[in-house]
Amino acid sequence: MASFFLNLTPAKTNATSLSWLYLFMAVVFLLLGGLGLMREYDAGARDFTSFALPLIQVAIALAYFFIAWKKSRPVGKQYVQVTEEQLELKLEANQDALVLPWSSISLLRVQQNKLMYRLVSGQGGEVDLESLPEEHEEAVRDALRTAGKQKGVSL
């Protein structure tokens, strides 16, 4: 089954290019800090002030690595993600994402304005799809229907 991800939040920047820039900066600061630490150690410096600047550079490198990792993750404020393992919906920015593993879904019905599901445990629920942007409504419904049929949980 092909994975489906749709970020419903309009992109303000090109996150992939920006994450590569942060990754590059992380490598630069890591090299500078690492070389500085090695130079100070080889010079026989034993006081903390000699190691302060290289340690700060290594800390900046770690911060850049963290930012690059966060920017490269395919998660927006509002998104729909269908993978081999689960269905994940976050249609409102102020709500938590609804994560439904395919192994726990016994019924999935996609209607015009809502998604109804029933879990293996007997619990059920529905998700209002009216908050989807109009240009993405049909693509999301089709992806949910196709994934449900492939997983054998759709009617």
Side-chain angles (χ1 to χ4, degrees), residues 1-105 108 110 115 117 119-121 123 125 127-148 150-153:
M1 179 175 97
S3 293
F4 175 81
F5 178 80
L6 180 62
N7 187 359
L8 301 174
T9 306
K12 295 181 182 173
T13 61
N14 188 351
T16 306
S17 298
L18 202 55
S19 67
W20 281 108
L21 176 67
Y22 282 119
L23 189 61
F24 173 75
M25 292 301 294
V27 169
V28 167
F29 274 101
L30 189 63
L31 287 173
L32 288 174
L35 289 173
L37 285 173
M38 286 184 0
R39 191 185 74 181
E40 292 297 330
Y41 182 75
D42 287 343
R46 297 289 176 222
D47 58 334
F48 177 75
T49 57
S50 303
F51 292 100
L53 181 61
L55 286 174
I56 290 172
Q57 290 172 333
V58 170
I60 291 172
L62 293 176
Y64 274 129
F65 274 124
F66 180 73
I67 292 169
W69 175 69
K70 291 292 276 184
K71 291 241 180 246
S72 67
R73 292 178 58 205
V75 177
K77 290 185 179 180
Q78 299 166 322
Y79 60 93
V80 175
Q81 184 173 15
V82 180
T83 63
E84 188 70 33
E85 296 84 29
Q86 67 188 14
L87 166 65
E88 189 172 353
L89 300 165
K90 184 171 182 184
L91 303 178
E92 298 292 329
N94 56 356
Q95 294 178 348
D96 290 335
L98 173 67
V99 179
L100 300 170
W102 288 113
S103 59
S104 69
I105 302 174
L108 184 70
V110 182
L115 167 71
Y117 62 90
L119 302 178
V120 175
S121 65
Q123 232 179 348
V127 178
D128 187 21
L129 297 178
E130 289 181 359
S131 62
L132 286 173
E134 191 173 324
E135 63 269 14
H136 300 303
E137 285 178 353
E138 197 59 37
V140 170
R141 280 194 214 104
D142 288 344
L144 293 173
R145 284 185 185 121
T146 303
Q150 287 181 351
K151 290 296 185 175
V153 296

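Positions are given from 1 along the sequence. Just so it is clear, the values below take in all heavy atoms, side chains as well, and ignore hydrogens, waters and symmetry mates.
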Practice task
For Val153 and Tyr117, run side-chain contact (heavy atoms from CB on, under 4.5 Å): C-alpha distance rounded to whole Å, both residues' side-chain angles, the deciding distance at 0.1 Å, then the answer.
Solution key: CA-CA 9 Å; Val153 296; Tyr117 62 90; over 6 Å; no
To the nearest 0.5 angstrom, please state how far the [atom1] atom of [X] sits from the [atom2] atom of [Y].
X: Asp42; Y: Leu37; atom1: CG; atom2: CG; value: 11.0 Å
X: Trp102; Y: Gln86; atom1: CH2; atom2: CD; value: 10.0 Å
X: Ile60; Y: Leu32; atom1: CD1; atom2: CG; value: 10.0 Å

Applying ring-ring contact (aromatic ring centres under 6.0 Å, His included) to Phe65 and not counting sequence neighbours gives none
Residues passing the ring-ring contact (aromatic ring centres under 6.0 Å, His included) test with Tyr64, sequence neighbours excluded, are Tyr22, Phe29
For the residue pair [X] and [Y], what are the closest heavy atoms and their distance?
X: Leu30; Y: Val58; value: CD1-CG1, 4.4 Å
X: Ala26; Y: Ala61; value: O-CB, 3.4 Å
X: Ala97; Y: Glu88; value: CB-OE2, 3.9 Å
X: Ser131; Y: Leu91; value: OG-CB, 3.6 Å

Between Glu84 and Lys151, is there a salt bridge with N-O shorter than 4.0 Å?
yes
**Prompt:** Does a side-chain heavy-atom distance below 4.5 Å link Phe66 with Leu62?
**Reply:** no
Please evaluate residues Thr146 and Val82 with respect to the criterion side-chain contact (heavy atoms from CB on, under 4.5 Å), reporting the C-alpha separation (whole Å), side-chain torsions for both, the decisive distance (0.1 Å), and the verdict. CA-CA 10 Å; Thr146 303; Val82 180; over 6 Å; no
So salt bridge (Lys or Arg N to Asp or Glu O under 4.0 Å) across residues 137-146, not counting sequence neighbours, yields Glu137-Arg141, Glu138-Arg141, Asp142-Arg145
**Request:** Using a cut-off of 6.0 Å, state whether more than 12 heavy atoms not belonging to Glu135 lie near its atom CD.
**Result:** yes
Quiz item: Does atom CG of Asp96 have more than 12 heavy-atom neighbours from other groups under 6.0 Å away?
Solution: no
side-chain contact (heavy atoms from CB on, under 4.5 Å) for Trp20 and Met25? Distances and angles first, verdict last.
CA-CA 9 Å; Trp20 281 108; Met25 292 301 294; over 6 Å; no
Given the options Val110, Leu89, Leu144, Leu87, Val127 meets side-chain contact (heavy atoms from CB on, under 4.5 Å) only with Leu89
**Prompt:** Could you go step by step and tell me if Val28 and Leu31 meet the side-chain contact (heavy atoms from CB on, under 4.5 Å) rule?
**Reply:** CA-CA 5 Å; Val28 167; Leu31 287 173; 6.0 Å; no
